[in-house]
There are 2 protein chains.
Amino acid sequence: MSLPHAILTALLEKPSSGLELTRRFDKSIGFFWPATHQQIYRELGRLEEAALIRALPGPPARGRRREYEVLDAGRAALRDWVAASEDPRPVREPLMLRLRAAAVVGSEGLAEELRRHRQLHAERLAAYRDIEARDFPDPAGAPEGVRLQHAILAAGIGMEEFWIGWLTGVLGTLGED
Amino acid sequence: MSLPHAILTALLEKPSSGLELTRRFDKSIGFFWPATHQQIYRELGRLEEAALIRALPGPPARGRRREYEVLDAGRAALRDWVAASEDPRPVREPLMLRLRAAAVVGSEGLAEELRRHRQLHAERLAAYRDIEARDFPDPAGAPEGVRLQHAILAAGIGMEEFWIGWLTGVLGTLGED
DNA sequence: CTCGGTTTTGCACTCAGTTGCAAAAGGTGC
DNA sequence: GCACCTTTTGCAACTGAGTGCAAAACCGAG
């Protein structure tokens, strides 16, 4: 139930076509909820059918650009969702399973993979830091909306830092740092 | 592709029936890869068909307990998987989307939900700490297998601590801590 | 204007995870 | 032994996400 609300949010920030949404997802919302263009088009169709968004006028046709905007019902649905209650989704971390498997059958070949993951996390961390420097020069003094957006980014930064530190620790445990 | 390997690992630690596996998942592997009994039975069937595990002798019958053990091919497959390369799965964090939605339509009702999440994370953290105190009195001096198992738990502890701290920070941002 | 490449939209299929439910065996009280 | 409850196994249908691919419109070169 998250993708439709992510799309509503993005459309409220700026009415867009499916392809624009896809591009914007790739550089912001997608960090915490990736989506392909196929998913997005499907969801736009459902949202339109549910009368939460509407396409700006023009003859509907395949291959023809369609710009969407959020209707009042959509805004209301989003507001409800913000206040709704939903449990955190279960953690699913294949790397933990692999460590556990390694504890049983031996850790042959594992260290290299851990280093690769550390590298990937480091790259993502650098990307987040860039965005932070560019878009949030003074988060503390900003209005609530901006402070919330910064909090999201801060979560990403914190997570990546955590994984990098943890991976380094495990590599130490394997005598391979 | 993770569940079958999780099951192989669990069966190597101790041959079990489907129901036993389900129970063991609930208190250990399931923290990082939850699975229902239906999933587990389905996967046991596939693993048996692939000749990676076998049921201990006895007439196969529905409703009748079947104990499984890992075959050499299964152990080999697991070893390969430990050394395999697999990208971290994309992050999917609905709470981040809700913050972002809140930045657009207002944060009405959000703080309560954040407190609830903080509470849930605190409970899980406490559970992890209990396990740590009970099962890992001296992780540093233990053999590699045990150190790896402790690293898994340490990841869980670190994650929960991180979320608790971050949620507290956001609540502060909302002027609601 | 028409041909070919690009953009934009969208369908169809697969796969993993979730939920609901039922069938077969085993155990317990009468 | 039989009536009933519990344990254990398993099927079936659904949902959300991922992948491949194609159709319609658009656009620039000649």
Side-chain angles (χ1 to χ4, degrees), chain A residues 1-8 10-11 15-26 29-50 53-68 81 86-94 97, chain B residues 1-7 10-11 15-26 29-50 53-56 58-68 81 86-94 97:
Chain A
M1 293 282 74
S2 291
L3 182 56
H5 297 103
I7 291 177
L8 286 175
L11 285 181
S16 306
S17 67
L19 204 62
E20 274 178 273
L21 275 180
T22 305
R23 300 219 173 94
R24 289 171 53 206
F25 259 69
D26 286 347
I29 299 186
F31 287 133
F32 296 99
W33 202 276
T36 62
H37 64 100
Q38 292 95 328
Q39 281 175 276
I40 287 173
Y41 285 117
R42 208 185 327 175
E43 214 54 61
L44 283 170
R46 289 179 191 159
L47 286 168
E48 186 178 22
E49 186 161 9
I53 64 175
R54 64 159 192 167
L56 299 188
R62 181 171 193 156
R64 173 81 151 286
R65 184 191 183 83
R66 306 186 70 198
E67 192 101 349
Y68 288 95
W81 185 68
E86 186 186 1
D87 283 345
R89 31 178 42 214
V91 180
R92 281 185 198 284
E93 197 50 72
L97 300 187
Chain B
M1 296 280 72
S2 291
L3 182 57
H5 298 102
I7 291 178
L11 285 181
S16 306
S17 68
L19 205 63
E20 273 178 274
L21 275 180
T22 304
R23 301 219 172 94
R24 289 171 52 205
F25 259 69
D26 286 347
I29 298 186
F31 287 132
F32 296 99
W33 202 277
T36 61
H37 66 99
Q38 291 94 331
Q39 278 175 278
I40 287 173
Y41 284 118
R42 210 186 325 175
E43 214 55 60
L44 283 171
R46 288 178 191 160
L47 286 168
E48 186 178 24
E49 186 160 11
I53 64 176
R54 64 159 192 168
L56 299 189
R62 184 171 190 151
R64 174 81 150 287
R65 184 189 183 84
R66 307 186 70 198
E67 193 101 352
Y68 288 94
W81 185 69
E86 186 185 2
D87 283 345
R89 29 177 44 214
V91 180
R92 283 189 193 282
E93 198 49 75
L97 299 187

Legend entry - salt bridge (charged side-chain N to carboxylate O under 4.0 Å, His left out) against Arg89(A), all qualifying residues, sequence neighbours excluded: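 If we apply the salt bridge (charged side-chain N to carboxylate O under 4.0 Å, His left out) test to Arg89(A), skipping adjacent residues, there are no hits.
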Legend entry - Residues which pass salt bridge (charged side-chain N to carboxylate O under 4.0 Å, His left out) with Arg65(A), listed by chain and number, not counting sequence neighbours: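 Arg65(A) satisfies salt bridge (charged side-chain N to carboxylate O under 4.0 Å, His left out) with Glu20(A), Glu67(A) once adjacent residues are dropped.
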Name all residues meeting the ring pair (Phe, Tyr, Trp, His ring centres under 6.0 Å) criterion together with [X]; count only those two or more places apart in sequence or in a different chain, and write none if there are none.
X        : value
Trp81(B) : His5(B)
Phe25(A) : none
Tyr41(B) : none

Rounding to a whole Å, what distance do you find between [X]:[atom1] and [N]:[atom2]?
X        : N       : atom1 : atom2 : result
Ile40(A) : dA17(D) : CD1   : P     : 12 Å
Leu47(B) : dG10(D) : CG    : P     : 13 Å
Leu3(B)  : dA16(C) : CG    : P     : 10 Å
Arg46(A) : dA17(D) : CZ    : C1'   : 10 Å
Met1(A)  : dC14(D) : CE    : C1'   : 13 Å
Phe25(B) : dG17(C) : CZ    : P     : 11 Å

Inset, instruction - Report the nucleotide, chosen from dT18(C), dG16(D), dA16(C), that has the shortest atom-to-atom distance to any side-chain atom of Gln39(B). - result: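 Within the option list, the nearest is dT18(C).
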Inset, instruction - For nucleotides 3-12 of chain C, just jot down a letter per nucleotide in 5' to 3' order: B, S or -, based on protein non-hydrogen atoms under 4.0 Å. - result: -----BBBB-
Inset, instruction - Would you classify Arg92(B) as touching base, sugar-phosphate or nothing, given that sugar-phosphate means primed atoms plus P, OP1 and OP2, and contacts are heavy atoms under 4.0 Å? - result: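 Touches sugar-phosphate only.
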Inset, instruction - Indicate whether the side chain of Ser16(A) and that of Arg24(A) have a donor and an acceptor atom separated by less than 3.5 Å. - result: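 Yes - a donor-acceptor pair under 3.5 Å links their side chains.
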